[in-house]
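On a predicted model such as this, the values are computed, not experimentally measured, just so you know. Hydrogens, waters and symmetry mates play no part in the numbers below; they use all other heavy atoms, side chains included.
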Amino acid sequence: MDDDAAVRESLDSLFRSVGFATRLHAAPAELLAAPLPDLPGCIILDVRLPGISGLDLQGELARSGIALPIIFMTGHGDIPMSVRAMKAGAVDFLAKPFRDQDMLDAASVAITRDRQRRRETQAVDGLRARYETLTAREREVMVHVVDGLMNKQVAGRLGLSEITVKIHRGNAMRKMLARSLAELVRQAETLGLPRP
């Protein structure tokens with residue numbers, strides 16, 4: 001995104017020359033209104049835009065739940081500006097004029113980072129979906145088991161027989177596809193399950 005058509009067209013040509021698909025935007029409203037493709041990608045963003053700064057747009061994108069990595073470019077950057085952008089998660093901050101290879105390298109890093117984020121999100125979503133298949137009692141037993149309690153202790157706390165706890169624990173591990181207690185503990189941490 002850049003309000004300068006020549007810059008947009010130059011970047012479009014550069015990215016297409018290496019096989020990247022592009023979408024060009026001249027104003028923040030265009031970017032915010034456009035549906036995003038469900039593919040790994042990144043946003044190349046000029047710091048100085050009409051009406052809103054690129055740094056403010058970065059915050060707006062984050063609040064809108066758009067997690068695409070951002071590469072900033074500017075002809076008028078300074079160190080505090082680049083620090084602010086990087087602290088907010090920007091992948092790179094390139095001063096104009098930049099070398100084509102520097103932009104391509106930054107875009108490759110950003111796309112790789114987005115691909116990894118998508119894999120992690122997909123894994124957590126799958127974990128959450130498996131957790132949703134647990135009954136209320138299986139969830140309750142799981143929370144106590146991952147907290148380090150033995151079956152007998154869980155039975156005492158929940159007023160169940162030890163064999164019932166073993167059954168619920170086994171069901172929880174099977175549904176969560178956990179091959180070990182350690183794996184079940186990691187899954188509970190990933191899901192942010194509360195401690196009993």
Side-chain angles (χ1 to χ4, degrees), residues 28 31-32 34-43 45 52-72 80-93 106-196:
L31 175 64
L32 292 169
L36 295 174
D38 190 19
L39 299 166
C42 67
I43 297 173
L45 190 57
I52 183 174
S53 79
L55 297 170
D56 291 337
L57 181 58
Q58 180 184 30
E60 182 64 33
L61 290 166
R63 284 187 294 280
S64 299
I66 298 172
L68 285 170
I70 295 175
I71 299 166
F72 279 103
M81 190 182 291
S82 64
V83 168
R84 179 178 164 199
M86 300 304 270
K87 279 186 175 180
V91 172
D92 211 334
F93 195 95
S108 292
V109 167
I111 291 169
T112 299
R113 189 177 292 180
D114 191 46
R115 188 173 286 117
Q116 178 64 30
R117 177 194 61 82
R118 287 169 172 275
R119 272 195 297 267
E120 290 168 3
T121 299
Q122 199 172 35
V124 171
D125 289 347
L127 193 59
R128 213 172 265 119
R130 290 195 305 272
Y131 181 72
E132 292 298 319
T133 68
L134 271 59
T135 65
R137 183 61 84 183
E138 289 165 350
R139 290 178 190 181
E140 194 173 22
V141 167
M142 178 179 162
V143 167
H144 287 290
V145 167
V146 299
D147 198 39
L149 297 181
M150 308 261 263
N151 291 340
K152 187 175 185 177
Q153 294 169 309
V154 176
R157 283 209 180 162
L158 300 179
L160 302 170
S161 70
E162 193 173 343
I163 191 72
T164 302
V165 170
K166 285 181 184 178
I167 291 168
H168 289 308
R169 176 181 175 161
N171 288 341
M173 290 191 68
R174 180 180 48 78
K175 290 178 181 179
M176 294 300 292
L177 305 177
R179 294 178 300 272
S180 67
L181 179 57
E183 187 174 355
L184 193 66
V185 169
R186 282 192 299 276
Q187 290 174 340
E189 288 173 356
T190 299
L191 291 170
L193 297 184
R195 297 188 62 156

Step-by-step side chain to side chain contact (heavy atoms under 4.5 Å, CB included) determination, Arg157 to Gln153: CA-CA 6 Å; Arg157 283 209 180 162; Gln153 294 169 309; 5.7 Å; no
Identify the heavy atoms of [X] and [Y] that sit nearest to each other, and give their distance.
X      : Y      : answer
Glu183 : Leu177 : OE2-O, 3.6 Å
Cys42  : Ile71  : SG-CD1, 4.2 Å
Met86  : Ala90  : SD-O, 3.5 Å
Gln187 : Ala178 : OE1-CB, 3.7 Å

The test is side chain to side chain contact (heavy atoms under 4.5 Å, CB included); show your working for Leu127 and Met176 and say whether it passes. CA-CA 7 Å; Leu127 193 59; Met176 294 300 292; 3.6 Å; yes
Could you give the distance from [atom1] ([X]) to [atom2] ([Y]), rounded to the nearest 0.5 Å?
X      : Y      : atom1 : atom2 : result
Leu158 : Thr164 : CG    : OG1   : 10.5 Å
Gln58  : Ile43  : CD    : CD1   : 9.5 Å
Leu191 : Leu193 : CG    : CG    : 5.0 Å
Leu45  : Leu57  : CG    : CG    : 5.0 Å
Thr121 : Arg128 : OG1   : CZ    : 9.0 Å
Thr133 : Arg139 : OG1   : CZ    : 8.0 Å

Could you tabulate the donor-acceptor pairs under 3.5 Å formed by side-chain atoms of residues 106-113, not counting sequence neighbours?
| unit_1 | atom_1 | unit_2 | atom_2 | d |
| --- | --- | --- | --- | --- |
| Ser108 | OG | Leu104 | O | 3.1 |
| Thr112 | OG1 | Ser108 | O | 2.9 |

May I ask you to test the [X]-[Y] pair for a side-chain heavy-atom distance under 4.5 Å?
X      : Y      : answer
Leu31  : Leu61  : yes
Glu189 : Val185 : yes
Leu160 : Arg137 : yes

Within the 3.5 Å criterion, strictly below it, is a donor on Arg119 or Gln116 matched to an acceptor on the partner's side chain?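 Checked: Arg119/Gln116 side chains pair up, N/O donor to acceptor below 3.5 Å.
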Between Lys175 and Glu132, does at least one N-O distance fall below 4.0 Å, as a salt bridge requires?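 So Lys175 does not pair with Glu132 through a salt bridge.
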One thing to verify: whether Arg63 and Glu60 come together as a salt bridge, which I'm taking to mean a side-chain N less than 4.0 angstrom from a carboxylate O.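 Arg63 and Glu60: salt-bridged.
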Which residues pass the side-chain hydrogen bond (donor to acceptor under 3.5 Å, both in side chains) test with Lys166, not counting sequence neighbours?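 Testing Lys166 for side-chain hydrogen bond (donor to acceptor under 3.5 Å, both in side chains), a comparison that skips the adjacent residues, returns none.
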Please check if the side chain of Asp114 supplies one atom and the backbone of Pro69 the other of a donor-acceptor pair under 3.5 Å.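 Here the side-chain-to-backbone pair does not exist.
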Has the side chain of Glu138 got a donor or acceptor atom that lies under 3.5 Å from a matching backbone atom of Leu134?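 No, the answer is negative, given that no donor and acceptor are paired below the 3.5 Å cut-off.
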Could you please spell out the steps behind the side chain to side chain contact (heavy atoms under 4.5 Å, CB included) verdict for Arg118 and Asp38? CA-CA 10 Å; Arg118 287 169 172 275; Asp38 190 19; 2.9 Å; yes
Between side-chain atoms of residues 141-152 and protein atoms elsewhere (two or more places apart, or another chain), which donor-acceptor pairs fall under 3.5 Å?
| unit_1 | atom_1 | unit_2 | atom_2 | d |
| --- | --- | --- | --- | --- |
| Asp147 | OD1 | Arg195 | NE | 2.8 |
| Asp147 | OD1 | Arg195 | NH2 | 2.3 |
| Asn151 | OD1 | Arg169 | NH1 | 2.9 |

Verdict with supporting geometry, Met81 and Phe93, side chain to side chain contact (heavy atoms under 4.5 Å, CB included): CA-CA 9 Å; Met81 190 182 291; Phe93 195 95; 4.0 Å; yes
